[in-house]
Participant: 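Input: one structure, supplied below.
Both counts, for ligands and for their atoms, begin at 1 and track the order of listing. Remember, predicted model here, so these are calculated numbers, not experimental data.
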Amino acid sequence: MKEIKHYINGQYVGSASGKLFDNVNPANGKVIAKVHEGGRDEVDAAVRAARAALKGPWGKMTLDERTRILHRVADGINERFEEFLEAECLDTGKPKSLASHIDIPRGAANFKVFADMIKNVPTESFEMATPDGAGALNYAVRRPKGVIGVISPWNLPLLLMTWKVGPALACGNTVVVKPSEETPTTTALLGEVMKEAGVPDGVYNVVHGFGGDSAGAYLTEHPQVDGFTFTGETGTGEVIMKAAAKGIRDISLELGGKNAGLVFADCDMDKAIEGTMRSAFANCGQVCLGTERVYVERSVFDEFVGRLKEAAEGLKIGPPDDAEANLGPLVSLEHREKVLSYYQKAVDDGATVVTGGGVPEMPSELAGGAWVEPTIWTGLPDDSAVVTDEIFGPCCHIRPFDTEEEAIELANSLPYGLASAIWSENITRAHRVAGQIEAGIIWVNSWFLRDLRTPFGGSKQSGVGREGGVHSLEFYTEMKNICVKL
Ligand SMILES: NC(=O)C1=CN([C@@H]2O[C@H](COP(=O)(O)OP(=O)(O)OC[C@H]3O[C@@H](n4cnc5c(N)ncnc54)[C@H](O)[C@@H]3O)[C@@H](O)[C@H]2O)C=CC1
Ligand SMILES: O=C(O)/C=C/C=C(\O)C(=O)O
């Protein structure tokens, strides 16, 4: 059986404890690899290697050399595209048609975009007057923050891990990555690409394991890590924030959401259906930006519900290699338990199940997989947990509204504030509503249209800080002002 090891100081190494855990293919429930579980020793070795590399060749490299190497990392991912694709789809079960358009290309782009950005974004300077009339000149310079702890989730494993590692390395930091225990493979494979691209040993380190009382917690408790970037559940974000408080380490947190889609009667209905379909069901609903609450203006409510039902029933459920499949399994049987508990709760709370609500019948070779039906509900009270909790499955609840004010109030009614999608052809209304939604990311007549230069992150309990564009540079560098008296 294949073993997945840590990548520390440029070498693949096993755990001193000899502890291994299973890496399971969620499409059929079969074990595909054994993964080494990191303990404090491995985390400590990785952090030490990262710290040494800061002082070594990486820290001494010119910006030109560093960014050329990061371009080679991106090229290396693209050259091994099929290998990354296969690995990502085995770990997650997601359709290859999806991962080949989103996950793997973005994994490569995350290195190129931030390598180019750090070379081109200027810093500030201010001339000032002084009492002696000679004046002074202030100018800011960026310096790497140091060793960054990267804790990444399982829903878009390569995409979200490199979304952090790309800018961190571009800014001259070194990293220790703790990928999700569910999806370790592409993070491990990236070590080979780093080596081939000429990234010095110790710059990119990976320690596998779980969160609490395992590699994740040991990393956040390690005093020699200078900052943490995390994507995942809000509760985990709180735990990481507490750990980072010791030693006053910086954090960037991209957390849960329960995102609202607002469909106005003046929308282009074809676009609204297509966009809501993607936002509710893409990646089997396992996207933090996804729409789990849909509010539809009453006059088009029945039409919208009918058309979304028809579209959801047209989804093809299947394994990664099925070229026609557009809905894979959930990431694990454990996660399916969580999603199915909400499917049951919806029924208990009096929902009308418009479509789905259960487990699809799959051929015998896939019967052990984490499959669920895409599901739509109407008729739930606003305080049902199905409407207030992040489910992270292929499902949404649709509720009518009567006025713009009511739609805005409903959208803002939860403690989350990650993303929202507004569907209206009245551009004045769209701007007006967008300005009032309490969320970090608003799409108008689109969803998941991503420009990597834009600020990305959540408000309220959906996150702390922004990454993307210059905001990534802000987080991954220390800005220093130098004031020169003339
Ligand atoms: N992209 C997102 O916004 C994601 C949201 N979620 C949400 O979270 C729910 C639970 O899924 P999980 O995989 O358990 O999410 P999680 O937030 O616990 O896991 C994400 C990462 O954090 C690590 N982690 C967990 N506890 C930690 C700790 N105490 N210290 C350091 N690292 C820790 C995990 O090992 C993993 O690498 C999902 O059902 C979904 O609702 C999960 C994954 C991604
Ligand atoms: O950076 C992106 O384009 C996608 C981000 C998605 C998430 O952060 C998520 O699903 O957690």
Participant: Mark the output for Ser214 as yes if a heavy-atom distance to ligand 1 is under 4.0 Å, and as no if none is.
Facilitator: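 Per 4.0 Å heavy-atom rule, Ser214 does not contact ligand 1.
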
Participant: Please write down residue, atom name and distance for the protein heavy atom closest to atom 11 (O) of ligand 2.
Facilitator: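 Atom 11 (O) of ligand 2 sits closest to the protein heavy atom Cys288 SG, 2.8 Å.
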
Participant: Name the closest protein heavy atom to atom 18 (O) of ligand 1, giving the residue it belongs to and the distance to 0.1 Å.
Facilitator: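 That would be Thr236 OG1, 3.0 Å.
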
Participant: Look only at interatomic distance and state if Arg106 has a nitrogen or oxygen under 3.5 Å from any nitrogen or oxygen of ligand 2.
Facilitator: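 Yes, Arg106 has an N/O under 3.5 Å of an N/O on ligand 2.
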
Participant: Which of the atoms of ligand 1 are close to Lys178, meaning less than 4.0 Å from one of its heavy atoms?
Facilitator: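 Every atom of ligand 1 under 4.0 Å from some heavy atom of Lys178: 34 (C), 35 (O), 36 (C), 37 (O).
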
Participant: Regarding Lys145 and the six-membered ring of Phe475, is the cationic atom NZ or CZ under 6.0 Å from the ring centre and inside 45° of its axis?
Facilitator: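 Yes; both conditions hold, so Lys145 lies above the ring face of Phe475.
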
Participant: Should the proximity of Val287 to ligand 2, defined as any heavy atom under 4.0 Å, be assigned to the side chain, the backbone, both, or neither?
Facilitator: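 For Val287, backbone and side-chain atoms both sit under 4.0 Å from ligand 2.
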
Participant: What atoms of ligand 1 come closer than 4.0 angstrom to any heavy atom of Gly212?
Facilitator: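 So the answer, numbered in order with elements, is 26 (N), 27 (C), 28 (C), 29 (N).
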
Participant: Going by the order shown, which atoms of ligand 1 are within less than 4.0 Å of some heavy atom of Cys288?
Facilitator: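 Close to Cys288: 1 (N), 2 (C), 3 (O).
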
Participant: Any idea which protein heavy atom is nearest atom 2 (C) of ligand 2, and the distance to it?
Facilitator: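 Among all protein heavy atoms, the one nearest atom 2 (C) of ligand 2 is Arg450 NE, 3.2 Å.
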
Participant: Which one of Pro153, Gly211, Ser180, Gly257 has a non-hydrogen atom at the shortest distance from atom 27 (C) of ligand 1?
Facilitator: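 Heavy atom nearest to atom 27 (C) of ligand 1 belongs to Gly211.
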
Participant: Regarding ligand 2, does Glu254 bring an N or O atom to under 3.5 Å of one of the ligand's N or O atoms?
Facilitator: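 Yes.
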
Participant: Which bit of Ala243 is near ligand 1, meaning a heavy atom under 4.0 Å away: side chain, backbone, both or neither?
Facilitator: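 Contact part for Ala243 vs ligand 1: neither.
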
Participant: Report yes if some N/O of Asn155 lies less than 3.5 Å from some N/O of ligand 2; otherwise report no.
Facilitator: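 Looking only at distances, the answer is yes, because the N/O contact criterion of under 3.5 Å is met.
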
Participant: Between Asp389 and Lys345, is there a salt bridge with N-O shorter than 4.0 Å?
Facilitator: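 Result for this pair is no, no salt bridge flagged.
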
Participant: I need the contact type for Lys338 against ligand 1. Using non-hydrogen atoms and a strict under-4.0 Å cut-off, is it side chain, backbone, both or neither?
Facilitator: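 Within the 4.0 Å criterion, Lys338 contacts ligand 1 through side-chain atoms alone.
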
Participant: In the protein, what heavy atom is nearest to atom 5 (C) of ligand 2, and what distance, to one decimal place, separates them?
Facilitator: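 So the nearest neighbour among protein heavy atoms is Phe456 CZ, 3.5 Å.
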
Participant: Using a 4.0 Å heavy-atom cut-off, say whether Glu182 meets ligand 1 through its side chain, its backbone, both or neither.
Facilitator: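 No part of Glu182 is near ligand 1 at this cut-off.
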
Participant: Which label fits Trp443 and Phe448: parallel for a plane angle under 30°, tilted from 30 to 60°, or perpendicular past 60°?
Facilitator: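 Tilted.
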
Participant: Report yes if the side chains of Leu452 and Trp163 come closer than 4.5 Å at any heavy-atom pair, otherwise no.
Facilitator: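 Result yes, sub-4.5 Å side-chain heavy-atom pair found.
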
Participant: Determine, considering heavy atoms only, which of Phe230, Trp154, Tyr218 sits nearest to atom 11 (O) of ligand 1.
Facilitator: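 The nearest heavy atom belongs to Trp154.
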
Participant: Would Arg336 count as a cation-pi partner of Trp371, with NZ or CZ less than 6.0 Å from the six-membered ring centre and within 45° of the ring normal?
Facilitator: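 No, Arg336 does not lie over the aromatic ring of Trp371.
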
Participant: Would you say Gly256 touches ligand 1, if touching means a heavy atom closer than 4.0 Å?
Facilitator: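 Contact check Gly256 vs ligand 1: negative.
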
Participant: Salt bridge check, Lys460 against Glu438: does any charged N sit closer than 4.0 Å to a carboxylate O?
Facilitator: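 Judged by the 4.0 Å cut-off on N to carboxylate O distance, Glu438 and Lys460 do form a salt bridge.
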
Participant: Pairs of donor and acceptor atoms involving the side chains of residues 79-92, under 3.5 Å and at least two apart or interchain, shall be tabulated with distances.
Facilitator:
| residue | atom | partner | partner atom | Å |
| --- | --- | --- | --- | --- |
| Arg80 | NE | Glu83 | OE1 | 3.0 |
| Arg80 | NH1 | Glu192 | OE1 | 3.2 |
| Arg80 | NH1 | Glu196 | OE1 | 3.3 |
| Arg80 | NH1 | Glu196 | OE2 | 3.0 |
| Arg80 | NH2 | Glu83 | OE2 | 2.9 |
| Arg80 | NH2 | Glu192 | OE1 | 2.5 |
| Glu86 | OE1 | Lys96 | NZ | 2.6 |
| Glu88 | OE1 | Thr186 | OG1 | 2.9 |
| Glu88 | OE2 | Leu158 | N | 2.7 |
| Asp91 | OD1 | Asn23 | ND2 | 3.0 |
| Asp91 | OD1 | Thr185 | OG1 | 2.9 |
| Asp91 | OD2 | Thr185 | N | 3.0 |
| Asp91 | OD2 | Thr185 | OG1 | 2.8 |
| Thr92 | OG1 | Glu88 | O | 2.7 |
| Thr92 | OG1 | Lys94 | N | 3.2 |

Participant: Would you call Lys338-Glu390 a salt bridge at under 4.0 Å N-O?
Facilitator: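 No salt bridge links Lys338 with Glu390.
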
Participant: Would you say atom 14 (O) of ligand 1 makes contact with the protein, given that contact here means a non-hydrogen protein atom less than 4.0 Å away?
Facilitator: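 When distances to the protein are checked, atom 14 (O) of ligand 1 has no heavy atom within 4.0 Å.
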
Participant: Can you tell whether the side chains of Lys258 and Glu292 come within less than 4.0 Å, N to carboxylate O?
Facilitator: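 Looking at Lys258 and Glu292, the cut-off is met.
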
Participant: I need the contact type for Glu254 against ligand 1. Using non-hydrogen atoms and a strict under-4.0 Å cut-off, is it side chain, backbone, both or neither?
Facilitator: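 For Glu254, no heavy atom sits under 4.0 Å from ligand 1.
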
Participant: Taking 4.0 angstrom as the limit and counting only heavy atoms of Ala217, give me the atoms of ligand 1 inside it, by number and element.
Facilitator: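 That gives atoms 30 (N), 31 (C) of ligand 1.
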
Participant: Any side-chain heavy atom of His208 sitting closer than 4.5 Å to one from Pro179?
Facilitator: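 When only atoms from C-beta onward are counted, Pro179 and His208 do touch, with a gap below 4.5 Å.
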
Participant: Give the residue, atom name and distance (to 0.1 Å) of the protein heavy atom nearest atom 6 (C) of ligand 2.
Facilitator: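 For atom 6 (C) of ligand 2, the nearest protein heavy atom comes out as Leu156 CD1, 3.6 Å.
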
